[in-house]
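Atoms considered below: every heavy atom in the structure, side chains included; atoms not considered: hydrogens, waters and symmetry mates. In the text below, chain A, chain B and the rest are named by the order of the sequence lines, each starting its count at 1.
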Amino acid sequence: MSNGLLHPTRRGLLLAGGAGLLTAALPGHVAAQAAPIRIGFQLHRTGIGAAYGRWYERTTQAALKAINDAGGIAGRPVEILFEDDATDPKRGSEVVDKLTQADGCDLVMGTLFSHVVMGSAPRAGELKVPYLVCSEGYHVASGALNRWTLQPGITDVRAQISTMAPWVAANLGKKVTMVFPDYAFGHDHRDFFTKAVAEQGGEVIAQIAVPPTETSFTRYFPQIPAETEVLYHVMVGPAVLTFVKELGEFYGTGAKPALFGFVDSLEAVDTATPGLEFLEGSHFWEAHPRVKPADAGEHEAAYRAAVGVDDNGASVSDAKDISTYSHMFSTWETLYFIKQAMEASGYAGPADRQKLVEAMEAISDLPYGIERPQGAKRFNGKTHQVFGTQSISQVQGGKLVKVHTTTIEEGLYEDAVDYTTMSF
Amino acid sequence: MRRNGLRVWALHLALLAVLASAQFWLSPYLATNLARIMVLAVFAMGYNLAFGYTGLLSLGHALLLAAGMYAAGLPALLWGWSAGPAFIAGLAGGGLVAAVLGLLALRTAGVSFMIVTLMFAQAGFLTLLYFAPVTRGNDGFAVAAASRSFLGFDLSTDTPRFLAAFAIFATGLLVSLALMRSPFGRTMIAMRENEERSRMLGYNPFTVKLAALTLSGLYAGAAGAAYALLFGYVGASFATIQYSILPMLYVLMGGAGTTLGPFLGALLMFALVEAATGLTTAHQFIIGAALVALVLFAPKGILGTVRERWAKWLP
Amino acid sequence: MAFGPFLLLALMEGLVTAAVLALAAAGLSLVFGVMRVVNVAHGEFYMLGAVLAWAVTGMIPGPAALTFLAALIIAPVLVAALAAVADGLILKRLNYDPEATIVATIGLLYILQQAALSLYGPNANPVPAPFEWRIQLPWFGYSGYKLFVVLAALAVLLALWTFLSRTRAGLIMRATQVDRMTAQAFGINVDRVYMGTFALGAGLAALAGVLVVPIQQAQYLMGHDPLLLSFIVVIIGGLGSLRGTLVAAVVIGLSDGVISMFFSPTLAKILATLLVAMVLVLRPQGLFGARA
């Protein structure tokens, strides 16, 4: 009973093993091999995060295969258990529980949506299990979470935004109107961009917060002031395509402000979709350029091949299946971060979890390599947050073409918390 | 009648004894989940008082759950209240919001009541988002460790958490049982069965229904507060329609108008999700099919059907 | 933007919302009115309509207008057939018990949503509009297709009204709605009426889904909002009143649009929701319902 609920699939294995058939059939060296490291993955398989979840799973499987092919972690094979959290905070904390207590995972990773992170992190803290999120939320670095929660795979939204403001003010215009979803993710954009653009001598002249339940947007567009030079937009969820299409219909052939958006508005969406023609010439933030840039790093091709993505950021098996390219690399990089910290700390099992977190906190420079296909990173052990470069792309001929890359330094800001002083 | 009374109390106390001992023989994982189920069952018991016994088909109970959750969680966040006062605030918050909701919505009946409660709950959810600087909006917030202690016990650790959940559940169950065996409980059922006749007998239907809904709100508030304090998270997702449908589902599965139905429904639904996610990634198929099969087999819910066929004495 | 054009835009947007809502709600009104079944899966029929429209337009070669027309016929028929099967296999066996059917249709919702997720995937996919026509007004541009949706919805509702009031099948349906027992005594096959009603209701929802998909894309969770709004429209309009349903859809669509002119979006949504709720509090039988 102490194992809790077993997965029936695993139970089937155990039964077969019990019959003695399986063990007899296995070659001898397998039995001698070390027990696998088991990683729990909190996956948005259903619910509003499903479009992201699917690509998070594919990228993680690819990284897992690459790591196991290269000998695993500290010589031990790695296995990953994916558990659906329905993109719901309550189920999220239950999933952390299940992966840790019932499935015996060494740590839990992979969460994207920030309300699920907020709902799950307290349970991870109680269970004293490392919880590595791939969310880009500012929740980790703001100090709202705990010593067991880290974000080593993706730059947080505060840093992303701060690096965009100078470029927007210098190249697109200084009078900005913002359209964003009326919840925490949107509020981070509102607060940090407004502040950052003011430092550049620019000004946010209107902020339009759209309720997250909204599926139609046209009626809010008249609130955009006529003197707007730049329209800054960021949307998430299934209604994103509606948003950009309606924006196009609204402005049509008339005069329109320059558009600057976060690619979140178009993740998993083909930029060549009919109705999106008006995006031509507009700019987007990307973490990891979807369309392979001419000056892409040496590992870009290998990463795309491993995940199964072509040079346009679509699935190799279906050109219409567009990836969530600017977010999914975080699961790949997080897995390699785990490998690095486990090997550095001599991690042997759940008793070493505290040692593992301390080893993670000691990491700082993360150079470019196949471990980090998005680019070099700097990890801040005190705030548990990683920082990387950002890109700006322009829609040219229906494709996102990279036009600018920021430095890591541009995104750094003062520490708001020092988790290393907190107790475990 | 007296023999029935003994049998009924014995059944409920036996269940409570089994649950109290469960933390010793269940794995920590299952014990924690049993604590979750007991908290959700309190919510469902409250729903059962309104819907199962009084016939008030509400689709707005998420509002009452969230009222309790935020009434407990916000003072903890803003002023550092400890678990005791925060829980009482949550209880009161649920009851108060239910009373106000009742004053407005009880002017309607039947499906209109269902829609009005749904809309007030939707407005409540949006209000939580609108006041995000205070409520932390959709992301919600983690309840600080200092606020999760009660008389020196740390509610974020397994045993105190389980005992606290059990205590709230046991209180809720025994109160609802006592209520159903009291004259007021019979008046509630009379409202469901024939409002016109009970009016002629001298009862004011509005007052009775308002009292039942307020009571229901106290349960929902207690559950919301308990979730915040025992599991450490408060968020607007608990105010969405999903959390109005859940208690209805629990109650209908377990048996509407039975004291033990809400707990059984919550337990079953949890087991169903656990089993289904283990079997296949398309787990919603299994859950959907199981719900359909269940209702075909036991249209009055499990305990409702048991009562109809075998045990007429079940309360 | 000046007040006049702003108001015009808000009204146009409100009308489109109202049109889609009226169609989806008309289906629910039938099911709810005739069968007294709270069909929680109604929004999923709407979603299936949209997803099937995507599949049909993708599979059939030809100009957009033609493939869309095909989708407009094929998708609602398929969904109606599916609903008829669900009725025969599940709802009929439950004897249309109001409580049991809630659980059963929640189960159906899970099954249909999972089917869409597994077979169609989680992405939102666009379906091209049958024609590309943008109206450029001096102040803003507007999609001509959206205006087409309003006209199409009106035509369908008119046809539905004719069906219910002028044909024998419609008469039988209304008779069953008024009194099931008497209808049965007069030799009406109530089971068949119910199956037909459930299929028709689902077909109307699917039709709304097909019409909306060039505006909003097909996505497996899209049934959620129309479900809630349809219920609201049906009850505000007054149970069983097609005219009430239409008026309520217009009231809700327009109030949502106009209120959003004056307040920040989330506050506008709160106020619009409370306003509609208060209509029901003050007039519990709905706008056009008879006093019980």
Would you say the side chain of A:Thr46 lies within less than 4.5 Å of the side chain of C:Tyr220, judging by non-hydrogen atoms?
yes
Got a sec: does the NZ of A:Lys175 have more than 12 other heavy atoms crowding it under 6.0 Å?
no
Rounded to the nearest 0.5 Å, how far does CZ of A:Phe221 lie from CG of C:Leu9?
9.5 Å
Donor-acceptor pair between C:Gln217 and A:Thr242 side chains, under 3.5 angstrom:
yes
Turns out that what part of C:Asp256 lies under 4.5 Å from chain A's heavy atoms comes down to both
Please name the pair of heavy atoms, one in A:Thr273 and one in C:Pro126, separated by the smallest distance, quoted to 0.1 Å.
CG2-CG, 3.4 Å
Relative to chain C, which segment of A:Arg219 carries a heavy atom at a distance below 4.5 Å: side chain, backbone, both, or neither?
both
Top contributor to chain C interface from A:Pro211, A:Gly248, A:Ala50 [non-hydrogen pairs under 4.5 Å]:
A:Pro211
Contact part of A:Thr218 toward chain C, heavy-atom cut-off under 4.5 Å: side chain, backbone, both or neither?
both
Any side-chain heavy-atom pair of A:Glu249 and C:Phe140 under 4.5 Å:
no
Tell me, do C:Met222 and A:Thr215 make a side-chain contact under 4.5 Å, heavy atoms counted?
no
Which one of C:Ala129, C:Ser143, C:Ala10 has the most heavy-atom pairs closer than 4.5 Å to chain A?
C:Ser143
With only heavy atoms counted, which part of C:Ile215 is less than 4.5 Å from chain A, the side chain, the backbone, both or neither?
both
Nearest-0.5 Å distance that lies between atom NZ in A:Lys245 and atom CD in C:Gln216
10.5 Å
Taken to the nearest 0.5 Å, the spacing of A:Trp55 CH2 from C:Asn123 CG works out to 9.0 Å
Rounded to the nearest 0.5 Å, how far apart are CZ of C:Arg134 and CZ of A:Phe278?
10.5 Å
Please report the closest heavy-atom contact between C:Pro122 and A:Ala51, naming both atoms and the distance.
CB-N, 3.5 Å
Contact class of A:Ile322 relative to chain C, heavy atoms under 4.5 angstrom
backbone
Of the backbone (N, CA, C, O) and the side chain (C-beta and beyond), which part of A:Asp321 lies under 4.5 Å from a heavy atom of chain C, both, or neither?
side chain
Turns out that what part of C:Pro214 lies under 4.5 Å from chain A's heavy atoms comes down to backbone
Contacting region of A:Tyr220 [heavy-atom separation from chain C under 4.5 Å]:
side chain
Which bit of A:Gln207 is near chain C, if near means a heavy-atom gap under 4.5 Å: side chain, backbone, both or neither?
neither
Count the heavy-atom pairs under 4.5 Å between each of C:Glu13, C:His224, C:Met12, C:Gln113 and chain A, then report the option with the highest count.
C:Glu13
Proximal component of A:Ala268, with respect to chain C [non-hydrogen, under 4.5 Å]:
both
